[in-house]
Amino acid sequence: MSSGSPAFTDRRDDSMIRTGDTDRTVVQEREHQSSPGEWDDSLEPFGTTVWELPGRGDRGAGCGVWYPDAVCETCGEPRFKSRVCGARSCPDCWGVWAQQAAVRATQRIQAYRHTQPPDWHRQGAHAVISPPEGDVQSEGDYWRWRSKAAEIASDKGWRGFAVIPHPYRPTDEAKKRYRRVDPDYGIWVWLRNDVEDMQSLIKWSPHYHIVGATGADMDPAKDDEPFVYRFLRSVEHYDGIHDEDSHEDLYGLFRYLLSHTGYPVGSSKQVTTWYGELANSVFVEEATEDWQHAKPSEGVRSALKREIEAVADAPTEVEEGDGAADPTEDDSCGECERDDCDGILIDVFDVTAYLRQNDPPDDVRDSMELARDWRLGRVEPPPGLKLPQTREDAVLAFDEMGT
């Protein structure tokens, strides 16, 4: 498929040629065209100090602080958990954010595909759109080009889709080092997890990923287009609620794309936006207008969510600031963690109701009330342990508060 780059004469030497505003040798130009839409490494990034990738910012309030979340009805031993802020900026919790966002995006597309006839209407795909080199030099340009990318995708025949912006691409040096290492995972996973100087190996090269439902007659890339449109691949066909392969393929794609999306520091703008037949005003609970599309039933959507969460091994629910529930747990809190006790754990928020109906020993009652009051903010841990950063510190704080 055409890259959309201006044509050049292959003189098979090191003479300079010009494409756009950048001088390159013929060999360099050939390498440049191997990554359609990629900007030159020599371009200065816009606002390098104010742009952020997920997990490269600040923690949310209270993140990492340990607290009692349940207490044993038999021995009074509390169970402690660590708060998870779930913020996309948090170095510890951005994965929770990305996982949940990928589950939601996958569920939305799969729900839409579920409403479609079992033929080409259920086809899905992935493409990328790159602005002309140097065309995005401000935050406003970055977001305006997201809307422009959506217009281009619609013109190309995409029916309903998400747009995810990416501010950076790996440099040529990053690609060389990645090829030398040759890991079993994508280059951005390698950059995030295995490289200490990631910032020196990425460059300002904004582009916009399109994921969604394709049309019956898709318009290909053209050489005379000022932007670069590249169709990357089709995703697994959707064959119903229990199609694990389809869920896994789509979820994995969203999870990877969300790992290196970007936004200005402090921005609350959504990085996954929906267009066409998947736009918020179009894909609705009840279609009252001819141009709207009704979502499947709540039962179908709930079943899809469970199937996708199983594929993602995702938490079933996250309370803001309190982290994720373990999907293996039922409505109870489980059994006491002590080896010599087979008591049942009581959620600290249920302690008051439990004590109205039960009369445990005084020491157990005191422990249950202390765990509850700590969680509700009625009492505070002692100085030096007010914000326990480890389970051991939380246990020590609880013991000191109980003496």
Side-chain angles (χ1 to χ4, degrees), residues 1-7 33-38 102 105-132 135 144-166 206-241 243 245-254 256-257 272-284 287-296 300 304:
M1 186 168 290
S2 168
S3 69
S5 298
Q33 285 197 331
S34 68
S35 301
E38 184 171 335
T106 303
Q107 180 190 12
R108 188 174 187 85
I109 289 181
Q110 300 296 64
Y112 172 81
R113 296 167 93 184
H114 190 85
T115 67
Q116 301 297 296
D119 51 25
W120 66 265
H121 288 83
R122 290 188 174 184
Q123 291 175 348
H126 175 206
V128 64
I129 295 170
S130 302
D135 208 44
R144 279 191 293 272
W145 255 100
R146 177 173 66 177
S147 299
K148 177 65 174 176
E151 293 176 9
I152 293 169
S154 294
D155 291 343
K156 293 293 183 182
W158 293 75
R159 294 183 295 136
F161 53 91
V163 178
I164 298 178
H166 282 179
H207 54 286
Y208 302 84
H209 288 267
I210 311 297
V211 182
T214 51
D217 186 17
M218 300 290 287
D219 190 24
K222 298 180 175 65
D223 287 338
D224 60 354
E225 292 171 330
F227 52 85
V228 173
Y229 170 77
R230 187 185 183 192
F231 186 95
L232 296 175
R233 70 176 180 94
S234 296
V235 296
E236 289 282 340
H237 189 75
Y238 173 81
D239 288 323
I241 292 174
D243 190 344
D245 289 341
S246 179
H247 300 331
E248 184 174 6
D249 184 33
L250 193 56
Y251 167 80
L253 173 58
F254 274 114
Y256 182 70
L257 293 177
T272 305
T273 47
W274 299 93
Y275 298 89
E277 295 180 9
L278 278 166
N280 292 334
S281 61
V282 179
F283 193 47
V284 293
T288 58
E289 304 291 342
D290 293 341
W291 47 269
Q292 292 179 320
H293 294 265
K295 295 179 179 179
V300 168
L304 277 171

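Please read all numbers here as calculations on a predicted model, not as lab measurements. Below, all heavy atoms of this structure are taken into account, side chains as well, without hydrogens, waters or symmetry copies.
- Under the 3.5 Å distance criterion, the side-chain polar atoms of Glu236 are left unmatched by any main-chain donor or acceptor of His247.
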Could you go step by step and tell me if Gln116 and Arg113 meet the side chain to side chain donor-acceptor pair (under 3.5 Å) rule?
-> CA-CA 5 Å; Gln116 301 297 296; Arg113 296 167 93 184; over 6 Å; no
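- A 4.5 Å side-chain heavy-atom check between Val300 and Lys295 finds every atom pair outside the cut-off.
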Derivation of the side chain to side chain donor-acceptor pair (under 3.5 Å) call for Glu277 and Tyr112 = CA-CA 9 Å; Glu277 295 180 9; Tyr112 172 81; 2.2 Å; yes
Under 3.5 Å, which donor-acceptor pairs link side chains of residues 145-155 to any protein atom two or more places apart or in another chain?
from   : atom 1 : to     : atom 2 : distance (Å)
Trp145 : NE1    : Asp135 : OD2    : 2.9
Arg146 : NH1    : Gln270 : O      : 2.8
Ser154 : OG     : Ala150 : O      : 3.1

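- Between atom CG of residue Leu278 and atom CZ of residue Phe283 there is a gap of 6.0 Å, rounded to the nearest 0.5 Å.
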Can you list the steps and then say if Arg159 with His121 is a side-chain contact (heavy atoms from CB on, under 4.5 Å)?
-> CA-CA 9 Å; Arg159 294 183 295 136; His121 288 83; 3.9 Å; yes
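- Summarising the geometry of Val211 relative to Ile109, their closest heavy-atom pair is O-CD1, 3.8 Å, with the distance given to 0.1 Å.
- In this structure, CD1 in Ile241 is found 5.0 Å from CG in Leu304, a value given to the nearest 0.5 Å.
- Judged purely by atom type and a 3.5 angstrom limit, Gln292 uses its side chain to pair as donor or acceptor with the backbone of Thr288.
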In sequence, state the C-alpha distance, the side-chain angles, and the governing distance for Val128 and Tyr208, and then conclude on side-chain contact (heavy atoms from CB on, under 4.5 Å).
-> CA-CA 6 Å; Val128 64; Tyr208 302 84; 6.0 Å; no
Show your working on side-chain contact (heavy atoms from CB on, under 4.5 Å) between Arg108 and Thr272 and close with a plain yes or no.
-> CA-CA 12 Å; Arg108 188 174 187 85; Thr272 305; over 6 Å; no
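- Exactly one of Leu232, Ile210, Thr214 qualifies for a side chain to side chain contact (heavy atoms under 4.5 Å, CB included) with His126. That residue is Leu232.
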